[in-house]
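Below: the structure, in structure tokens.
For clarity, every value in this text was computed on a predicted model and none was experimentally measured.
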Amino acid sequence: MNNYSFVKSPNVLVLKDGTSDGLILIHQSTKQTHILNPQNSELWMKWCYDKVPNFKDDIMQLLLSDGFAMKKETSSITAIKKFDFDRTVPYIAGNHIKWHEESPDLFVLFNTQIMSNINPLLTLGPYGSLVWRSLINGEPIGQIRSQAQRIFGSDEVVPFIRRLRSLGFIKMTSMIEQSACQKEKIVKEFPAPVTQFQLRQPLIPWYCLWEICSVCNLRCKTCYLKSFTGHGPSTEEALRIVKQLVDAGMFYVCLLGGEPLMRPDIEKIVENFKLNGVFVKIICNGLELTAERAKKLSDSGLNQIEVSFDGLRPSSHDASRGTGMFSVSTRAIESAMQANIPRVGMVWTAYKDNVKEIQLLPKFMQDLNVRECYISPFRKTGILGAASTFESLDANDIEYLENSLNKYQSQFPELNIALLSQCTCGKTSIVISENGDVRPCPFEYTSIGNVHTRNFYEIWKSVAGNASKANSPAYCKKAIIQN
């Protein structure tokens, strides 16, 4: 044992255990899970700051066998190369940069400025979290590199700082761009659309789905809404809700309906979010997304727009949404592209009859020049959804989608396709209804408060910690898959 130095695996999601003061370790490759009691959790956290902790032999062997720790030959740990900028202290780019610390080994970064190429959320693993924690503590680059070498057995700090700089998270001298560094081998961050489903509830929700109206100009067979009559708050009331969300520290807001573009004031609402550094997305059906409307939305500062599809063929899409809607939806995407809305994507609702169309998805996206797609499994709920002839996916269908997406990751790396097969309700996301009711889940209509009578942040705090407990909302405890 003396011939080895133990190093921490960077491929572990480290969560707080909601039922104790311990930590939950989830290996992102093997999917092994290990729960550390409070004493061992304290030792794990010391690993972030001090020397390698003195775990008992049986615990260390368990961590090693499950891949949470690794052995490193002492002789292979060489002195790190010195750089002229090692004494440089990078600084956070501005107040549009926000972050949440879930644990010392898990930070979530958010850049609310327009980011046209990537998801605005970065979920940092242990290595990336070490770098970010050190940056916000004002540590120089050389000191961060030494810590990374000791804790992970490898110095790959400079390439990651370059990435943070390129994404607008930090500012520093361009000297770092010319430095020669070894090839990266260690994972610094995990895919946010995947890891967010594994997280517990933070102090604030990152993501708010605001059903700003329930009126709609379509009657889709996949719709989960319980009514189509609500016009939503007045403009003045809507701006008061905007302020509540801003004051709560919200990162990301999605405006949807009903059909949100049926509101003539949607651009004003977007502008108010943007003035306060909030990333704003709209999900629409495409009917109102004309070239003129797309230009107005672009001018308002909208970060992202997504058009909903119920099929990737005209026949399947129109079977749910009406004759000719496939052409309307594809033209809407073209209008958004031409208006230079920074990010244009799509949401595809998958059900039994259309699940095999996943094979068409990469070419469909490439033909439309769309790089982002979220796949939403159909739920039989709401006025139309509950009565629909469409059937929900079963476990085999979900596995089929997952296997297809795993294949696409290597075949089409430029495409960002995520399957929303799990629930973030009441954990990292929250819903506001058109009448102001706050709900943990889009598919559960039990109100936990109303923003017209109670402050949003107070409502959120009232459900803090309950997302993973037995008294969480009923629908959120149900499996999405209907067996």
Practice problem: Check the side chains of Gln359 and Glu357 for a donor-acceptor pair under 3.5 angstrom, ignoring hydrogens and angles. | Solution: no
Quiz item: Just by distance, with hydrogens left out, do Glu236 and Ser234 show a side-chain donor and acceptor under 3.5 Å apart?
Solution: no
Nearest atoms (heavy-atom pairs only) where [X] meets [Y]:
{"X": "Ile282", "Y": "Leu297", "answer": "CD1-CD2, 3.9 Å"}
{"X": "Gly345", "Y": "Ile333", "answer": "O-CD1, 4.2 Å"}
{"X": "Phe160", "Y": "Glu184", "answer": "N-OE1, 4.4 Å"}
{"X": "Ser335", "Y": "Ala294", "answer": "O-CB, 3.6 Å"}

Do [X] and [Y] come within less than 4.5 Å of each other through their side chains, counting heavy atoms only?
{"X": "Lys296", "Y": "Ile266", "result": "no"}
{"X": "Val355", "Y": "Leu401", "result": "yes"}
{"X": "Trp210", "Y": "Cys254", "result": "no"}
{"X": "Tyr252", "Y": "Val280", "result": "no"}
{"X": "Leu109", "Y": "Leu164", "result": "yes"}
{"X": "Phe456", "Y": "Ile241", "result": "no"}
{"X": "Met346", "Y": "Leu361", "result": "yes"}
{"X": "His27", "Y": "Asp66", "result": "no"}

Practice problem: May I ask you to establish whether Arg313 and Phe326 are in a cation-pi arrangement, using a distance under 6.0 Å from NZ or CZ to the six-membered ring centre and at most 45° from the ring axis? | Solution: no
Exercise. Cation-pi check, Lys98 to Phe279: give yes when NZ or CZ is under 6.0 Å from the six-membered ring centre and within 45° of the ring axis, no otherwise.
Key: no
Check [Y] with [X], please: is the shortest side-chain N to carboxylate O separation under 4.0 Å?
{"X": "Glu271", "Y": "Lys274", "result": "no"}
{"X": "Glu156", "Y": "Lys185", "result": "no"}
{"X": "Arg163", "Y": "Glu189", "result": "yes"}
{"X": "Asp310", "Y": "Lys221", "result": "no"}
{"X": "Arg343", "Y": "Glu372", "result": "yes"}

Quiz prompt | Evaluation steps, side chain to side chain contact (heavy atoms under 4.5 Å, CB included), between Tyr207 and Val431 | solution = CA-CA 9 Å; Tyr207 184 38; Val431 181; over 6 Å; no
Self-check item: Test log, rule side-chain hydrogen bond (donor to acceptor under 3.5 Å, both in side chains), inputs Glu102 and His100
Solution: CA-CA 6 Å; Glu102 173 74 13; His100 164 69; 3.2 Å; yes
Quiz item: Got a sec, which residues hit side chain to side chain contact (heavy atoms under 4.5 Å, CB included) with Ser129, two or more places apart in sequence or on another chain?
Solution: Phe107, Leu124
Verify, without hydrogens or angle tests, whether [X] (side chain) and [Y] (backbone) share a donor-acceptor contact under 3.5 angstrom.
{"X": "Thr428", "Y": "Pro205", "answer": "no"}
{"X": "Glu211", "Y": "Cys213", "answer": "no"}
{"X": "Ser298", "Y": "Ala339", "answer": "yes"}
{"X": "Glu288", "Y": "Gly286", "answer": "no"}
{"X": "Arg371", "Y": "Asn416", "answer": "no"}
{"X": "Lys380", "Y": "Ser388", "answer": "yes"}
{"X": "Arg293", "Y": "Leu261", "answer": "yes"}
{"X": "Arg379", "Y": "Ser376", "answer": "no"}
{"X": "Asn354", "Y": "Thr349", "answer": "yes"}
{"X": "Asn406", "Y": "Glu402", "answer": "yes"}

Practice problem: Mind running side chain to side chain contact (heavy atoms under 4.5 Å, CB included) on Phe273 and Leu245 for me, showing each step along the way? | Solution: CA-CA 9 Å; Phe273 275 125; Leu245 298 180; 3.8 Å; yes
Self-check item: Asn435 and Asp437: CA distance, side-chain angles, deciding distance, side-chain hydrogen bond (donor to acceptor under 3.5 Å, both in side chains) verdict
Solution: CA-CA 6 Å; Asn435 65 354; Asp437 282 342; 3.1 Å; yes
Quiz item: Is there a side-chain hydrogen bond (donor to acceptor under 3.5 Å, both in side chains) between Ser447 and Arg439 once you walk through the steps?
Solution: CA-CA 5 Å; Ser447 174; Arg439 315 184 332 256; over 6 Å; no
Once rounded to the nearest 0.5 Å, what's the spacing between atom [atom1] of [X] and atom [atom2] of [Y]?
{"X": "Cys220", "Y": "Arg321", "atom1": "SG", "atom2": "CZ", "result": "3.5 Å"}
{"X": "Ile375", "Y": "Cys373", "atom1": "CD1", "atom2": "SG", "result": "5.0 Å"}
{"X": "Ile269", "Y": "Thr235", "atom1": "CD1", "atom2": "OG1", "result": "6.0 Å"}
{"X": "Ser227", "Y": "Tyr445", "atom1": "OG", "atom2": "OH", "result": "7.5 Å"}
{"X": "Lys363", "Y": "Met365", "atom1": "NZ", "atom2": "CE", "result": "13.5 Å"}
{"X": "Leu256", "Y": "Ser308", "atom1": "CG", "atom2": "OG", "result": "8.5 Å"}

Quiz item: Counting heavy atoms not belonging to Gln411, are there more than 12 under 6.0 Å from its CD?
Solution: yes
Exercise. Applying ring-ring contact (aromatic ring centres under 6.0 Å, His included), name anything that partners Tyr457, two or more places apart in sequence or on another chain.
Key: none
Exercise. Step by step, work out the salt bridge (Lys or Arg N to Asp or Glu O under 4.0 Å) result for Glu101 and Arg133.
Key: CA-CA 9 Å; Glu101 181 180 359; Arg133 185 177 63 250; 5.9 Å; no
Quiz item: Between Val278 and Val242, does a side chain to side chain contact (heavy atoms under 4.5 Å, CB included) hold up when you go through it step by step?
Solution: CA-CA 10 Å; Val278 177; Val242 169; over 6 Å; no
Quiz item: Does the pair Tyr400 and Ile358 meet the rule for a side chain to side chain contact (heavy atoms under 4.5 Å, CB included), with working shown?
Solution: CA-CA 9 Å; Tyr400 176 71; Ile358 183 68; 3.4 Å; yes
Quiz item: Is there a ring-ring contact (aromatic ring centres under 6.0 Å, His included) between Phe378 and Tyr224 once you walk through the steps?
Solution: CA-CA 9 Å; Phe378 169 60; Tyr224 67 90; over 10 Å; no
Exercise. Kindly indicate, with the supporting measurements, whether the criterion side-chain hydrogen bond (donor to acceptor under 3.5 Å, both in side chains) is fulfilled by Asn285 and Glu259.
Key: CA-CA 7 Å; Asn285 62 32; Glu259 175 48 53; 3.2 Å; yes
